2 protein chains.
Amino acid sequence: MAVKIKDVAREANVSVATVSRVLNDVPLVNEETKKRVLEAIEKTGYKPNAIARSLKIQKTNTFGIMIPDITDSFYTQVVRGVEDICSMYDYNIILCNTDFNSKKEEKYLDVLIEKQCDGILYIGKGISEELKEKMLKSKVPLVVGATHDHEYTLPSVMIDNEKAAYEMTKLLISLGHKKLALFSDSDTKSLVAREREEGFKKALKENRLEFLKEWYRVDSANVSGGYKMMEDLLKENNLPTAIVVTSNDDAALGAIRKAIEVGIKVPEDISISGFNDFYISEWVKPSITTIAQPMYDIGAVSARMLIKMLNNEELNEKNIIVPYELIQRESTAPPK
Amino acid sequence: MAVKIKDVAREANVSVATVSRVLNDVPLVNEETKKRVLEAIEKTGYKPNAIARSLKIQKTNTFGIMIPDITDSFYTQVVRGVEDICSMYDYNIILCNTDFNSKKEEKYLDVLIEKQCDGILYIGKGISEELKEKMLKSKVPLVVGATHDHEYTLPSVMIDNEKAAYEMTKLLISLGHKKLALFSDSDTKSLVAREREEGFKKALKENRLEFLKEWYRVDSANVSGGYKMMEDLLKENNLPTAIVVTSNDDAALGAIRKAIEVGIKVPEDISISGFNDFYISEWVKPSITTIAQPMYDIGAVSARMLIKMLNNEELNEKNIIVPYELIQRESTAPPK
DNA sequence: CTGAAAGCGCTTACAG
DNA sequence: CTGAAAGCGCTTACAG
């Protein structure tokens, strides 16, 4: 079996208490003794058992992170931000893909609690009331990233999604567009999608443009979702001159692809905007006008916030709004 | 504090042993008693402490997974494959981004061992001898994905990288190309990159084509890496008619982008192939001819293998070669 | 400065 | 079928 603290104690001719003290850098250990213990550790190849330690000190130094899908470029960036900060503070992360599915979310929440995570990061598009209740009841320190619960009860980190979509829509209107379509995430549980839709509608209203159901499509927030929305939109006789895709840049890319396939030029014939600023968005042809969410920072800030909570530090704000940036690229232009 | 097994025992008027038995579905518990215990669990809202359990049973049901960077679409897919399988078998994963940096790799390996992971998945481009020694010495069950150690000592799951690059090169030659450039990963520690380069050279040799240093570039395996390699290649007076990009599709995309920017048409003026088949590769314009690695499967198979090892099941093969697929798309064509 | 002992929250032989 | 007790590998008050 593996060598344990007892073995190094015997080897160094001290008690396990002393070994534990040098392991934890408790200052009041004789230098001589310390050296002997260190040598014994070296010699035996001892590695402390973090599980046993955790049980005793009631702290695991691990966070649970729940995301819909690591395969989505958005979450991938957020997770990297989380992990980098965690690594700095000696935390590890248990990664859970929930597919934004309630069953999986509840199961994972239980597991993370049972594994005694010091805290949990929930990154997603929204939170059901049931899950929120469960989170609150469990009393586990938790921060929500990229979205929030309805009443802002839980600490959260996100951009102002409504405003972002509003500004994007306003930009297109200011370019001269009067016929605007909306491509959105079909996930009915997505709070974020609803907020972005509100932003779109608000911009239309302010400019006395009517929101037309014929130009509203929803599908999954990925390339083929965007492709399909475009395919379906093209069945209309009357076509818009601009499409605000609020799902994400992948969906925008899919829409652009479909347009190109049927000979519609982007942005000459139709302008298309995206959301998130995925890494490909500046490289594809045409490059995509988008709302740059600070994805990495959302992860990093969420993680920092959680660590602060664990250290009982004062939070300046409980619900942090991080800035986004509207980036104009090739996929949008004034209408012909 | 949280409720513990003792509390539910008291509530149900039984011993902790009995509660533990119903928790673990040990069959020999009276139905009546069981019901009482279940009610007590329900009433108290008890959640077992997995850490305490792990310490006792010497099993944590968690795997550690080490990857260079979750931000890279390749690892993102692999991790999803791993997590899906793990979830089926009730394992969780601790995710570690190492940036293929030895210091981080060694640190994380230690941490994962200290946290008593039941097994470790190392996904990457190669393994240094030092790290391998450490892995072997620790005796932790471990499987390597997407690459292998030099002597194939560790169990591994990967494609035949040399052959894949060889076939891609052969395809381009068969299209009529005689002037082929190679864009590769600049990471000198990447075993996988070296193998693909071998495949490229082998194909040239077989066709009596010379490998020219002037047409060989290395840079990081991402879009801007590809962009820069192309930029640099364009300084040559004599240009190739085809470029085999062995880093990945992102680099191929970057190279294509640069070509387009300076008015070089792909594939009319120059053919460019990629590697991995990232999800964007079929959607960008031109879509990218590539080697489709079964990224998800590499993760899934690795995870299954690790689970088998833990169950002491016989492994049919220790070093699994999974199939790849050469997908021809728009970015390659016969030379003019 | 150091050690003996209790205890973290479980599981599981052992006895009945 | 059930319970008392030992023990998983640590940490930390307490005593000296």
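Within every chain, numbering begins at 1; the chains are lettered A, B, ... in the order of the sequence lines, protein sequences first and strands thereafter. All of these numbers come straight from a predicted model, not from anything done at the bench. Just so you know, these numbers use all the heavy atoms, side chains as well, and skip hydrogens, waters and symmetry mates.
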_Option passing side-chain contact (heavy atoms from CB on, under 4.5 Å) with B/Leu154 (candidates B/Ile127, B/Val143, B/Asn319)_ = B/Ile127
*Please report, rounded to the nearest Å, how far the P atom of C/dC8 is from the CD atom of A/Glu114.*
20 Å
_Donor-acceptor side-chain pairing of A/Thr76 and B/Thr76 below 3.5 angstrom_ = yes
_Regarding B/Asp72 and A/Arg80, does a basic nitrogen lie under 4.0 Å from an acidic carboxylate oxygen?_
no
_Less than 4.0 angstrom between a side-chain N/O of B/Thr18 and OP1 or OP2 of D/dG3, yes or no?_
yes
*Is it true that A/Arg10 and A/Asp7 make a salt bridge, defined as a side-chain N closer than 4.0 Å to a carboxylate O?*
yes
*From C/dG9, C/dA4, D/dG9, pick the nucleotide closest to the side chain of B/Gln58?*
D/dG9
*Could you check which residues of residues 23-35 of chain A get a heavy atom under 4.0 Å from DNA chain D? Sort them by number, please.*
A/Asn24
*Quick one: list whatever passes side chain to side chain contact (heavy atoms under 4.5 Å, CB included) with A/Pro48, sequence neighbours left out.*
A/Tyr46, B/Glu114
*From the list D/dA4, D/dG9, C/dA4, which nucleotide is the closest neighbour of the side chain of A/Lys4?*
D/dG9
_Set out, in order, the CA-CA distance, both residues' side-chain angles and the distance that settles side chain to side chain contact (heavy atoms under 4.5 Å, CB included) for B/Ile307 and B/Arg304, then state yes or no._
CA-CA 5 Å; B/Ile307 291 168; B/Arg304 252 185 223 283; 5.6 Å; no
*How far, in whole Å, is C/dT12 from C/dG16 if one measures between their C1' atoms?*
16 Å
_Rounded distance (Å) that lies between atom P of C/dG3 and atom CZ of A/Arg10_ = 15 Å
*What dot-bracket string describes DNA chain C from 5' to 3', counting Watson-Crick and G-U wobble pairs whose defining distances are under 3.5 Å, with [ ] for crossing pairs and | for pairs to another strand?*
|||.||||||||.|||
*Which residues in residues 41-54 of chain B have at least one heavy atom lying under 4.0 Å from any atom of DNA chain D?*
none
*Considering only side-chain heavy atoms of B/Ser15, which listed nucleotide, D/dG9, D/dG3, C/dG3, is closest?*
D/dG3
Only pairs under 3.5 Å count here: list side-chain donor-acceptor contacts from residues 30-42 of chain B, not counting sequence neighbours, and write none if there are none.
residue : atom : partner : partner atom : Å
B/Asn30 : OD1  : B/Glu32 : N            : 2.6
B/Arg36 : NE   : B/Ala12 : O            : 3.1
B/Arg36 : NH2  : B/Ala12 : O            : 3.3

_A/Lys43 atom NZ, neighbour heavy-atom count above 12 within 6.0 Å_ = no
*Decide whether B/Asn92 and A/Lys115 meet the rule of one side-chain donor and one side-chain acceptor closer than 3.5 Å.*
yes
*DNA chain D: 5'-proximal contact among B/Ile57 and B/Asn13 (nearest heavy atom)*: B/Asn13
_Whole angstroms only, please: what is the CG-P distance between A/Asn61 and D/dC10?_
16 Å
*A/Tyr89: ring pair (Phe, Tyr, Trp, His ring centres under 6.0 Å) partners, not counting sequence neighbours*: none
*State whether B/Phe100 and B/Lys189 meet the cation-pi test: NZ (Lys) or CZ (Arg) under 6.0 Å from the six-membered ring centroid, and within 45° of the perpendicular axis.*
yes
